[in-house]
Amino acid sequence: MSLDTMKNSPESDDTGMNFKDTELTLGLPGDARPSTMTGGKSCTKRGYSDTVDLNLGTSSGEPLGKTDAADKSVTDASDAGKLPEAKAQVVGWPPVRLFRKKALKSCTYVKVAVDGAPYLRKVDLEMYASYQELLRALEEMFTCFTICRNYLDESKLMDPVKGTEYVPTYEDKEGDWMLVGDVPWKMFVESCKRIRLMKSSEAIGLAPRTPPNCSSTS
Amino acid sequence: MRDDQTEMSEDDERPPADPAAETSNKSRSCIDFGEFHSPFPDQVLENVLENVLFFLTSRRDRNALSLVCKSWYRAEAYTRSELFIGNCYAVSPRRATERFRRVRSVVLKGKPRFADFNLMPPNWGAHFLPWVTAMASAYPWLEKVYLKRMSVTDEDLALLARSFPGFKELTLVCCDGFGTSGLAVVASKCRQLRVLDLIEDEVNDDEVDWISYFPETGTCLESLMFDCVECPINFDELEKLVARSPSLKKLRLNRYVSVGQLFSLMMRAPQLTHLGTGSFSPSELVPQGDQEPDYGFAFATCRSLVCLSGFREVIPDYLPAIHPVCANLTSLNFSYANINAEQLKSIICHCHKLQIFWVLDSVCDEGLQAVAATCKELRELRVFPIDAREDGEGPVSEVGLQAISEGCKKLQSILYFCQRMTNAAVIAMSKNCPDLVVFRLCIMGRHRPDHITGEPMDEGFGAIVMNCKKLTRLAISGLLTDTAFSYIGTYGKLVRTLSVAFAGDSDMGLKYVLEGCPRLQKLEIRDSPFGDLALRSGLHHYYNMRFLWMSSCRLSRQGCQEIAQAMPRLVVEVIRDGSEEAANDSVEILYMYRSLEGPREDAPNFVTIL
């Protein structure tokens, strides 16, 4: 399965020790942040504190439009708000078996549909740390595509053979179809229900890209 | 789900006193063989006893019985068919097989539980090989083997498969060291196999298509559980296997089986009572626009389903398919399903008969409130963390616990991971759920107090031991002083298993427990300030225990040495946890257990037996 090769988490599964987590700086919920995220306690997978994840090593790579900049600024702010006693992770604590930890690593699956392609795929969003990684994965999954960037620095996928452009879109929790890349990555992971690579020509009706701090998705 | 295991644990219930055993007492005084040439009265008694003992299955009763006299000892040894070895190093295979000659079923447990959490270096021991070797010659009629936390190799499995022509049931729980090639041998050679249950094992992917090795002409399989096998499965062969296994009642699939494939299997096996769904999402290549089958129909067809698990990689859209069986479910395991409160509610509202429920904390307090509202028959609840870190978000709290205590009054067993808790909620549970036998609360932040009052969690756990009169298993966490331990020592008179982590102030804590809990058998402690003085206070009791584990405490080599010298039948292992500093006198890991055999010969170099 190609997905397995995509695994990019720097966390070390084998020992059950997540040293990288110690790099995390978490503020308590309710800390003031220049946040794109509305408050709202939600009963979903992650709270805001998890969106600030320095852990996921690799790419803040190429910024995806304004979004990553916003991500970065949030990141920087949380650095400043660092708790003096961020606890080092201890071996074997909390006492959850490795099998379970591994199994729960991949449990955020969404379907990916491509206009005109015969098959659906599914991806585990938690395997990826950023939009770049996701797009790369999609690129590999639907091998006819290449990622291209236009002058607006928007990422699209293009089928060079046919010359069609595809825009990655997703359906969020509220049933709205949004452009992929609008919101901070973590927020996206939480709210994305399914992904559709829409032909550019059909994507016209979608909400235009809004600057991050006006985003109102919860 | 764990219905099989509960028979195997120590906590099995004693059957009512066997009236037949009493009869044999009477018959002893009535026998008079005066005029006839007859066997000695003792021999007759033995014969009678053997016939009677055939029906006695409780090992506790048997153990007691075997102490009456030599003749009873012999009769009991001759008739014991189920052998339970709680610690594979407590007795040698040779000794066990020499005493019990006609065993059909063996339960063997190896590593201590804390090994599951990487606290034990690998290759510590608990090898199945010496046991299977001894049994191969001693028990040709062996039918059942249950192993927990043992190291089992493919060769061991091959030996097992070759040696026991009537072999029927293999259950491996938390074992490692074998792979799909071992499974293939078992599948092909054990022609009478009824049960192959692999539960939370680590199985090597030898790229052997093991599922295709079962007998072609049909199998006796009643239970096949391989949800822990993390290798792709040949679905065509699996489907054929299910089709030729008419007795199959329990089937747990791994995550390589998609929901579409599941549908197909369910339609072939509508008689299933226990189902593990595998991945509850479509496979990679689902034709777009294709009508997916009505998965609800498959569930409606399997009218006998009472136990559901799996839901790996779940896409919540598919969950409503299980609605047809909800009303009959007694056991539901959602502990791999990343679902929220809303998604849970729509399912749980139908599950009135649910007795066992495992779930992720992603459902939040709100989800637990829904469980409390509907599941009035709940006996066992386990809430696992989706984010197992100390400083995670913590979607469940005292609110959920309180709700459960108010709604599920018949609760007997609870395991609850959370980030914050209050004494009040724990006290409430102690009062609302008097039937609690197992109470395991894991507040994931170390030393965390009651988050409302700021006080230690002593009062909460104190209330549990005080009010839950049937409590035999306890796991404590959060900020705890010696007071908590004094409560346990004072009130926890039935406690057999106690797990302690990051708790206590001084030696007194451990002392209270060792002096106060006469039934204590399994004590596992980590990162708590207990030292040699405390250790010494248990000398009167260690022979009654199965084991004591203490890691990252304040023990010294000297202190452990004293224990070893004072108690010759105790094996005292000092285990180095891989780090270099073996120089000083402090003991990283102490693992000690009673044994008839003395120091084991297979100890690796990081283990020192004092």
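These figures come from a predicted structure and were not determined experimentally. Numbers restart at 1 for each chain; the letters A, B, ... are given by sequence-line order, proteins then strands.
- Between A/Phe99 and B/Asp116, the closest side-chain pair of non-hydrogen atoms is not below 4.5 Å.
- More than 12 heavy atoms of other residues, nucleotides or ligands shown are found within 6.0 angstrom of CG on B/Asn234.
- Interface remark: B/Glu342 contributes no atoms to any contact with chain A (heavy atom separation under 4.5 Å).
- Heavy-atom contacts from other residues, nucleotides or ligands closer than 6.0 Å to CD of A/Glu171 number more than 12.
- The minimum heavy-atom distance linking A/Val91 with B/Asn118 is given by the pair CG1-O, 3.6 Å.
- Under the 4.5 Å side-chain criterion, counting only non-hydrogen atoms from C-beta, B/Arg446 is in contact with A/Val90.
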Derivation and outcome, side-chain contact (heavy atoms from CB on, under 4.5 Å), residues A/Leu98 and B/Phe117: CA-CA 7 Å; A/Leu98 195 61; B/Phe117 313 121; over 6 Å; no
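- Note that CH2 of A/Trp93 is 5.5 Å distant from OG of B/Ser477, once rounded to the nearest 0.5 Å.
- Rounding to the nearest 0.5 angstrom, the gap separating the NZ atom in A/Lys101 from the CZ atom in B/Arg389 is 11.0 Å.
- Shortest non-hydrogen contact noted between B/Pro385 and A/Val96 is CG-CG2, 3.8 Å.
- Between A/Lys193 and B/Asp317 there is no salt bridge, since no side-chain N of the basic residue sits under 4.0 Å from a carboxylate O of the acidic one.
- There is no contact between B/Phe311 and chain A, counting heavy-atom distances below 4.5 Å.
- Looking at A/Arg194, only its side chain comes within 4.5 Å of chain B, counting heavy atoms on both sides.
- Looking at B/Phe114, neither its backbone nor its side chain comes within 4.5 Å of chain A, counting heavy atoms on both sides.
- Heavy-atom distances place the side chain of B/Cys174, and not its backbone, under 4.5 Å from chain A.
- Using modelled atom types, no side-chain atom of A/Arg100 and backbone atom of B/Phe384 make a donor-acceptor pair closer than 3.5 Å.
- Smallest separation of non-hydrogen atoms from A/Pro94 and B/Glu390: CD-N, 4.3 Å.
- Expressed to the nearest 0.5 Å, how far CG of A/Leu104 lies from CG of B/Asp387 amounts to 10.0 Å.
- With a threshold of 4.5 angstrom between heavy atoms, B/Ser499 does not approach chain A through any atom at all.
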